[in-house]
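The structure appears below as structure tokens.
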Amino acid sequence: MSAAAAVASAIRPIVICGPSGTGKSTLLKKLFTEYPDKFAFSISHTTRAPRPGEQPGVSYHFTSRESFLDLVKAEGFIEHAEFSGNLYGSSVQSVNDVTRSGKMCILDIDTQGVKLIKKNHPSLNPLYIFISPPSIASLKTRLTGRGTETESSMNSRLQAAIGELEYAKQPGSFDLVVVNDGLERAYGVLKGVIVEGKREGDELPKFEN
Ligand code: ADP
Ligand code: 5GP
């Protein structure tokens with residue numbers, strides 16, 4: 001069995017997906033603060049540079065392209081993808097570390113990663129949640145406000161967002177779409193589903209631009 005196949009989870013993992021800047025990290029930070037014993041983050045590898053405030057080994061495992069590709073060769077990733085000129089991947093070890101701790105594993109990945117997990121690891125059977133911005137215009141405002149992007153990385157993230165929203169619109173692509181229009185409201189919906197087990201699929205995408 002390959003290393004990448006050796007990932008298993010008794011507790012259903014949760015995949016959080018959504019355009020860069022839609023508020024995934026902000027929502028997850030609230031969740032991990034409120035439920036430190038219940039959920040844990042699968043720390044991805046990335047070749048992008050750390051942003052101010054991001055801690056290595058907490059936000060991401062920041063790595064060189066060469067080391068990343070070595071881990072790809074060693075079949076150390078469940079999935080990996082190139083996004084906006086950088087490589088990102090969920091390692092077998094990160095997911096296994098969380099699942100062995102008995103906590104619910106949360107992955108924050110893009111739609112390429114979602115498609116790869118569906119195709120290559122159907123037995124993981126995660127709950128797929130898409131966090132949508134209320135509009136592309138508000139996404140741009142959030143990315144600008146975060147102050148982390150150059151003009152070029154902003155454009156490539158907005159371009160990627162259009163494709164990700166298209167995918168999320170396809171029936172069955174996600175178990176739930178949460179529109180992050182207001183942080184407290186969106187957090188309440190997210191928590192309702194993953195903590196309180198409320199019915200999935202209640203929230204429908206709006207996607208007006
Ligand atoms: P992501 O992890 O999806 O890339 P972040 O969590 O970094 O996004 O959020 C991007 C920016 O948007 C941050 O500056 C964050 O404070 C802000 N933000 C998050 N949620 C909301 C919201 N509901 N309304 C307005 N701004 C928000
Ligand atoms: P950012 O650079 O804004 O942190 O992340 C950019 C994009 O990469 C986001 O859509 C985020 O969900 C995605 N991402 C983060 N980690 C992974 C990963 O391990 N795999 C994949 N496929 N995407 C990831």
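Atom set for the values below is all heavy atoms of this structure, side chains included, hydrogens, waters and symmetry mates excluded. Counting begins at 1 with the first residue of the sequence. Just so we're clear, the structure is a prediction, and the values are computed from it rather than from any experiment. As the structure lists them, so they are numbered: ligands from 1, and atoms in each ligand from 1.
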* Among protein heavy atoms, which lies nearest atom 8 (O) of ligand 1, and at what distance? ->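 Here the nearest protein heavy atom works out to Gly23 N, 3.1 Å.
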* Distance from atom 25 (C) of ligand 1 to nearest protein heavy atom, with residue and atom -> Arg142 NE, 3.5 Å
* Asked: Considering Asn180, Ile131, Thr22, which one's heavy-atom position lies nearest to atom 23 (N) of ligand 1?
  -> Asn180
* **Amino acids in close contact with ligand 2, where any non-hydrogen atom sits under 4.0 angstrom away** =>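 Only Gly18, Ser20, Lys24, Ser44, Arg48, Arg51, Tyr60, Glu79, Ala81, Phe83, Tyr88, Gly89, Ser90, Asp108, Ile109, Asp110, Gly113, Arg157 have heavy atoms that fall under 4.0 Å of ligand 2, ordered by chain and number.
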* To do: Check whether Ile16 and Val178 end up in the same hydrophobic cluster, where Ile, Leu, Val, Met, Phe, Trp and Tyr are linked by side-chain heavy atoms less than 4.5 Å apart.
  => yes
What is the distance from atom [atom1] of [X] to atom [atom2] of [Y], rounded to the nearest 0.5 Å?
{"X": "Phe77", "Y": "Asn120", "atom1": "CZ", "atom2": "CG", "answer": "14.5 Å"}
{"X": "Phe130", "Y": "Thr111", "atom1": "CZ", "atom2": "OG1", "answer": "7.5 Å"}
{"X": "Ile106", "Y": "Ile14", "atom1": "CD1", "atom2": "CD1", "answer": "4.5 Å"}

As an exercise, identify every atom of ligand 1 less than 4.0 angstrom from a heavy atom of [X].
{"X": "Gly182", "answer": "23 (N)"}
{"X": "Lys24", "answer": "1 (P), 2 (O), 3 (O), 4 (O), 6 (O), 8 (O)"}
{"X": "Leu183", "answer": "20 (N), 23 (N)"}

* Nearest non-hydrogen partners of Gly85 and Arg65, listed with the distance ->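 Looks like O-NH2, 3.5 Å.
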* Asked: Which heavy-atom pair separates Ile117 from Tyr128 by the least distance, and what is that distance?
  -> CG2-OH, 3.3 Å
* Salt bridge between Lys119 and Glu79, side-chain N to carboxylate O under 4.0 Å? -> no
* Is the closest basic N to carboxylate O distance between Glu184 and Lys30 below 4.0 Å? -> yes
* Any N or O of Gly145 closer than 3.5 Å to N or O of ligand 1 ->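 Such a contact does not occur with ligand 1.
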* Under 3.5 Å between some N or O of ligand 1 and some N or O of Thr26? -> yes
* Does ligand 1 have a heavy atom under 4.0 Å from the side chain of Pro19, from its backbone, from both, or from neither? -> backbone
* **Gly18 to ligand 1, any heavy atom closer than 4.0 Å** => no
